[in-house]
Amino acid sequence: MRLYNTMTRQKEELVPITEGHIGMYCCGPTVYQFAHIGNMRTYIFMDILRRAIHHNGYTLTHVMNITDVGHLVSDADDGEDKLEKSAKSQNKTPWEIAEYYTGVFMRDIAELNVARPELTPKATEHIPEMIEFVRGLIANGYGYETSDGIYFDVQKLPDYGKLSRANLEDQIAGARVEVNLEKRHPADFALWKKAPPEHIMQWESPWGMGFPGWHIECSVMSRKYLGDKFDIHTGGVDHIPVHHENEIAQSEGYLGHSAVNFWVHGEFMMVDGGKMSKSLGNVYTVEELKARGYSPLHFRYLCLNAHYRNKLNFTWEGMDAAKTSYERLAAAVHAHKGAGDVGEAALEDYKKQFFDAVDDDLNVPKALGILWNMVRSLEKSDEIYTLALEFDKILGLSLDIPPSDGDAGEIDAEVEALIEKRQAARKAKDFAESDRIRDELKAMGILLEDTKDGVKWKRG
RNA sequence: GGCGCCAUAGCCAAGUGGUAAGGCAGCGGACUGCAAAUCCGCGAUUCCCCGGUCCGAAUCCGGGUGGCGCCUCCA
C-alpha cells in the first residue's frame, strides 16, 4: 500500500522495517476534558489505517499515548498545567480527572468502532524513562539548563524544522511567543520544567522537583515500545510544526538517526467553514451528537466520505446527509443477505477496485462509492452481502447489523390507542380523521408507514 | 512578515494527461385513499478566472482571484 509521507511530501510504498510487521505510534488524547468530534475524526483516520495495515497482511504493534500530565496552558515555556487547571476547577486531583476522561475517551472511540491500540501507555508511568532520555540529550550536547528548566538547543540540529519545512530565521520575525532571555534561541523548547511548589504533579529529578516538557513523552514511549526505528507515526496536522518537529529533534538528538519512516497526518475538521478548537469553544462531542439523534456510526460515515488529508467541514446538514446515507447503505447491503448466488465475475472487479482505492493512500471516499455501485447495480446475491462485509472490515460501519425495522421499542398506551383509532378511521374511509391522527402522532415524534403487512411506526 | 493547503453540480465529495465516481437534496414516474418508506428514470458540453504546453488538461506550467490553516495549547 501507498501512504503520503509528510516528510517527503509524496506518496510512498509502505515497506515494513521488519518483514511482515508494522510498528505504529499515534499521538493520543490529553485527558483533561471531553474529546470533541474533530479529535474523533483523527482517531477514525488512525483506525482506518490500522485496518488497512491488517488487510495488507501485516501484524501490527500500535501504540497510542495517554497524556495524563499537562501540557502547559499558554505557551511553550510558561503557564498553567491543563490537567491541574481542570482539576482545580472541578475540585479533584489531576489523577482523578485523567482517569475519568480516559474512560470517557475509550468509550467514545469504542462506539465509533475505533479499535483500541495494542498499547496505550500513560505519560505519568514513564517519568524515570523521560528523565533518562533528557540526561542522554544533555550528554549528547543538545540540552542545557536554565533557571526554570532544561531546554533543547535547536541550533545544534542543522535540519531542525525539516518536517514543516520551516525556516528558523523567518519564523522569529512573526513569532508571538514571549521572549525568554535565558533561551539560546526562541524556538528552543522545554524538555523538563522545574516545578513551583504549588504545582501538584511533580517528580524528583537530577534538576530538582519538576515535570516533563510537552514533547518528551512521545519520544520516550515510542522508543520504549517500538524501538529505535519504527514504521509509522501519525497525528493531526496541527502537530506538524511544533510537536512533531520537536519530537524529531529529541529522538534524533538522542539516537543520532531518524526514528520514523512515515509521518502521516490527518487534516482538521472545520465547523461551519471555520476552525474548531478547544480554545475557541465551538466544539461538539460524541455525546451531543447522540443527544441530537445521530449515532456515532453516522458520524463515522460522515468522516469516511472525505479523504483524511482534506479538510472536512462539519454542518448539521452534512450530518443529516450522512445519517440518511448510512441507513440506506446498511439496508441496501442487508437486502443481499440470503439471496441466491449470481456467480458474478464482476464481484472480483469490485473487490479489486475497492482495495486498490484503500491501498492508494486510504482513498476511502472512493472505496465507499465502489461499495454503493456494487450493492445498487447488481441483482441480489448473498455473495455481494459477503463481499460487502469484507469491505466493512476496512470501513468499520457495522454493516452486518440489520437495520432496525422501527417496530421495536417501547410504545405507550396512548400512542397505541391513537394508531388503533386511525386504523378504524381508515377502514371507515374517514381519511380526514385518519390523516389528522397521523399528523398528531407526527407531532409526538411517531412516524407511520402503511405497508402491505400493516401499519408500522418509528420514531423520527 | 514567513510556511502551507484548498477551489469540481443546490450541498458533501472522488477523479492528478485520454474525454467528469458515489452520496444527500431536488424533479418526473411506479406504489398509496393521500402520504411516508421503497423502487425506476433525470443533473456538470464542463471542473474559480486568464494565458501557455500538448493530438488531447479538471488534471502539467505561468499569472491572477477567493477561502482556510499553521507560525501560541490544540486532532
Side-chain angles (χ1 to χ4, degrees), chain A residues 9 11 26-30 32 35-46 70-77 79-80 82 161 164-178 187 214 234-243 245 265-270 273-280 283 301-302 304-315 317-326 328-329 331-332 335 353 357 363-373 376 406 426 429-432 434-435 438-439 442 447-452 455-458 460:
Chain A
R9 306 286 164 96
K11 291 184 197 172
C26 299
C27 284
T30 300
Y32 64 94
H36 55 66
I37 56 175
N39 297 314
M40 291 309 166
R41 182 190 184 195
T42 302
Y43 297 113
I44 289 169
F45 145 63
M46 168 188 96
H71 290 173
L72 299 171
V73 164
S74 62
D75 68 27
D77 308 319
E80 207 172 353
K82 284 178 176 174
S164 58
R165 306 199 170 178
N167 178 307
L168 267 189
E169 310 317 313
D170 290 342
Q171 297 265 328
I172 299 167
R176 278 173 284 176
V177 183
E178 271 180 50
W214 321 344
T234 76
V237 287
D238 56 310
H239 281 152
I240 296 171
V242 178
H243 179 56
E245 211 70 270
H265 292 95
E267 251 296 352
F268 261 45
M269 169 165 272
M270 324 262 289
K275 184 187 169 184
M276 170 202 289
S277 78
K278 289 171 186 170
S279 33
L280 290 181
V283 301
Y301 185 96
L302 179 77
L304 263 41
N305 197 226
H307 188 90
Y308 78 91
R309 282 195 290 114
N310 284 141
K311 291 183 184 68
L312 170 58
N313 188 26
F314 179 90
T315 61
E317 189 188 4
M319 204 54 229
D320 280 337
K323 179 180 182 176
T324 304
S325 300
Y326 175 77
R328 285 185 189 164
L329 179 63
Q353 284 183 50
N363 195 339
V364 177
K366 184 176 185 178
L368 255 187
I370 292 158
L371 173 59
W372 272 106
N373 282 336
R376 281 211 164 152
R426 286 187 72 207
K429 302 216 184 289
D430 183 358
F431 297 123
S434 73
D435 289 353
R438 185 168 62 196
D439 287 344
K442 190 178 177 186
L447 298 180
L448 297 185
E449 292 178 24
D450 297 321
T451 72
K452 285 195 178 83
V455 62
K456 287 191 175 185
W457 66 275
K458 64 178 181 182

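Here is the naming used below: chain letters follow the sequence lines, and residue numbers restart at 1 for every chain.
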Complement of [N], any strand, by Watson-Crick or G-U distances under 3.5 angstrom:
N     : answer
B:G66 : B:C6
B:A58 : none
B:U46 : none
B:G41 : B:C27
B:C34 : none

Who are the salt bridge (Lys or Arg N to Asp or Glu O under 4.0 Å) partners of [X], not counting sequence neighbours?
X        : value
A:Glu267 : A:Lys311
A:Lys442 : none
A:Arg41  : none
A:Glu317 : none

When all nucleic acid strands are considered with a 4.0 Å heavy-atom cut-off, which category describes [X]: base, sugar-phosphate, or nothing?
X        : answer
A:His265 : nothing
A:Thr451 : nothing
A:Gly38  : base

Nucleotide-resolved protein contact map, nucleotides 21-30 of chain B, B/S/- at heavy-atom distance under 4.0 Å | BBSSS-----

Using atom C1' of each nucleotide, how far apart are B:A13 and B:A25 to the nearest Å?
-> 14 Å

Could I get the full list of side chain to side chain contact (heavy atoms under 4.5 Å, CB included) partners for A:Asn305, not counting sequence neighbours?
-> A:Leu368

Salt bridge present between A:Lys323 and A:Asp320 (N-O < 4.0 angstrom) = no

What is the distance, to the nearest angstrom, from the [atom1] atom on [X] to the [atom2] atom on [N]?
X        : N     : atom1 : atom2 : answer
A:Glu245 : B:G4  : CD    : C1'   : 13 Å
A:Glu449 : B:C34 : CD    : P     : 17 Å
A:Asp435 : B:G33 : CG    : C1'   : 8 Å
A:Arg426 : B:A36 : CZ    : P     : 14 Å
A:Asn313 : B:A7  : CG    : C1'   : 14 Å

List every contact pair, protein side and nucleotides 67-70 of chain B side both N or O, where the distance is under 3.5 Å.
from, atom 1, to, atom 2, distance (Å)
B:G69, OP1, A:Lys275, N, 3.4
B:C70, OP1, A:Lys275, NZ, 2.1

Quick note, A:Trp214 side chain, CB onward, closest among B:A13, B:U72, B:A75 is B:U72

When you match A:Leu312 and A:Ile37 each to their closest nucleotide on RNA chain B, which lands nearer the 5' end?
-> A:Leu312

A:His239: ring-ring contact (aromatic ring centres under 6.0 Å, His included) partners, not counting sequence neighbours | A:His243, A:His244

With sequence neighbours excluded, residues passing ring-ring contact (aromatic ring centres under 6.0 Å, His included) with A:Tyr326 = A:His298

Within the distance-only criterion (no hydrogens, no angle test), does the side chain of A:Gln353 pair as donor or acceptor with the backbone N or O of A:Ile370 below 3.5 angstrom?
-> no

Check whether any side-chain N or O of A:Asn310 sits under 4.0 Å from OP1 or OP2 of B:A13, and answer yes or no.
-> no

